[in-house]
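Have a look at the structure below before the remarks.
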Protein chains: 2
Amino acid sequence: MARPLSEEARAKMLATAQELIVTIGIDSCTVDEVARRSGVAKTTIYRHFADADELAMTAIDSMIEHVAAPDHGSLRDDLSEIVRAFRRVVQHDAFRQLFADLLARAVRDPEFKKVYEATQEMRHQPLRLAIQRGIARGEVDPEIDLETAMYFVQGPFVAKRLIETGDLTEAEIDVFLDLIIRALAPR
Amino acid sequence: MARPLSEEARAKMLATAQELIVTIGIDSCTVDEVARRSGVAKTTIYRHFADADELAMTAIDSMIEHVAAPDHGSLRDDLSEIVRAFRRVVQHDAFRQLFADLLARAVRDPEFKKVYEATQEMRHQPLRLAIQRGIARGEVDPEIDLETAMYFVQGPFVAKRLIETGDLTEAEIDVFLDLIIRALAPR
DNA sequence: CCATGGTGCTACGGAACCGTAGCGGAATCG
DNA sequence: CGATTCCGCTACGGTTCCGTAGCACCATGG
């Protein structure tokens, strides 16, 4: 009841942790290194976070940006904007690395899985809305399940950029979108 | 020039390493643990492999199965068989974990990247052949690039099973294939 | 003003790995 | 048979990381 935990120190730790995570990887984001680079004492880090994992997860968590869902009145345009926003994020190798690290961790650690799913859900939300609107407008074959459409739309982009090393060009995005729209259109 | 390296010991090490990799993860596949479980001495492991990474990579490398490319005379049937073979492999959580581990490693380590790409290429080969035959038979819109088609076909399946935790049901495979065939068909 | 409690610093104990040395024993090739 | 070379064992030095202790110092609330 005398002195609150320093917000400044907390901000420094998290910023340093984030930098380490996207540059040299989540496994190399160690408490010692964060302490060394941030200038915050190791002991202080442990007053803010229970353990090393909590630090890393909090750092990742605060990196998640919530993007607004576009509404242009056309499925093609909405998807185009969503995919281009996706591209802007994942085109950086650092984010691709973070994704891979996080996926690998999430597979085994339930706590990291929650964080991973949060990042996924953030990606999914605008997409789900766009497809739902497309369905409502009759742009999507009503036979097609929403979840199915979600995977189908994401598929080519994540396959190209996350599973493979390839980068996603603007031209490619248009080609994929054409194919997707063609497949989803009512018969 | 007197006594060759024991093939038996080598087989034991690799088998143990493989088991560790798919059960508790590539990071937990340590030289000490392989030595302990296999009964092969640690020093012997270092006579067969330069370092811990070479052991792990060799173990993974020898897990890669080369599957034959089907040829049923129809793109739909060929893709169906390929995807179902894919499903049989990746439906096991152990393989999904291995994939995630390998991807994360491949992102930073060029040596692991080679191994990762080898596993990818093994997956790609039958797929590429099937699509090429589909193009030759006129089942695919000639405007569509082969590589584009590859990503497009893989997309939904890897998005569902590798990026997300979901499992791939037989029914889902058919739905995805319907959409894919519809999109790729000549106009 | 003064006690409470955060901060920084250094150091430590413990654990997990890595890769190597040194040794007796056993298998293999010439 | 005999030299060579692998094998298994134990032990070690080195590194990295975790999480905590002890201490002096300083900011804040009552």
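Quick note on labels: first sequence line is chain A, next is B, and so on, each numbered from 1.
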Just the rounded figure in Å: distance from P of dC17(D) to CG of D51(A). 16 Å
Side chain of T43(A), base of dC9(C): donor and acceptor closer than 3.5 Å? yes
Is the closest side-chain donor-acceptor distance between E33(A) and S28(A) under 3.5 Å? no
May I have the distance from R10(A) (atom CZ) to dT7(C) (atom C1'), rounded to whole angstrom? 16 Å
Nearest-Å distance, CD (E7(A)) to C1' (dG6(C))? 13 Å
In the single-linkage hydrophobic clustering (I, L, V, M, F, W, Y; side-chain heavy atoms under 4.5 Å), do M63(A) and V90(A) co-cluster? yes
Check whether any side-chain N or O of T44(B) sits under 4.0 Å from OP1 or OP2 of dG8(D), and answer yes or no. yes
DNA chain D nearest-nucleotide lookup for L5(B) and P4(A): closer to the 5′ end is L5(B)
Both D53(A) and A9(B) contact DNA chain D. Which one's nearest nucleotide lies toward the 5' end? A9(B)
Can you check the L20(A) CG to dC17(D) P distance for me, whole Å? 11 Å
Assess the residue pair E54(A) and H48(A) against the criterion (side-chain contact (heavy atoms from CB on, under 4.5 Å)); give the C-alpha distance rounded to whole Å, side-chain angles, the decisive distance to 0.1 Å, and a yes or no. CA-CA 9 Å; E54(A) 191 177 303; H48(A) 285 254; over 6 Å; no
Out of dG8(C), dG8(D), dG19(D), minimum distance to the side chain of R47(B) belongs to dG8(D)
For S6(B) and R10(B), test the side chains for any donor-to-acceptor distance below 3.5 angstrom and give the result as yes or no. no
Is there, by distance only and without an angle test, a donor paired with an acceptor across the side chain of K42(B) and the base of dG8(D) below 3.5 Å? no
Tell me which nucleotide among dG8(D), dG8(C), dT20(D) gets nearest to the side chain of V40(B). dG8(D)
Compute the ring centroids of F157(A) and F86(A), then answer whether they are less than 6.0 Å apart. no
Would you indicate, yes or no, if dC6(D) has its OP1 or OP2 atom less than 4.0 angstrom from a side-chain nitrogen or oxygen of H48(B)? no
If I take atom OH in residue Y46(A) and atom C1' in nucleotide dT7(C), what distance separates them, rounded to the nearest angstrom? 16 Å
Write down the distance between CD (E54(B)) and C1' (dG19(C)), rounded to a whole number of angstrom. 14 Å
Starting at CG of D27(A) and ending at P of dC17(C), how long is that distance when rounded to a whole Å? 13 Å
Report the distance from atom CZ of F49(A) to atom P of dC18(D), rounded to the nearest whole Å. 14 Å
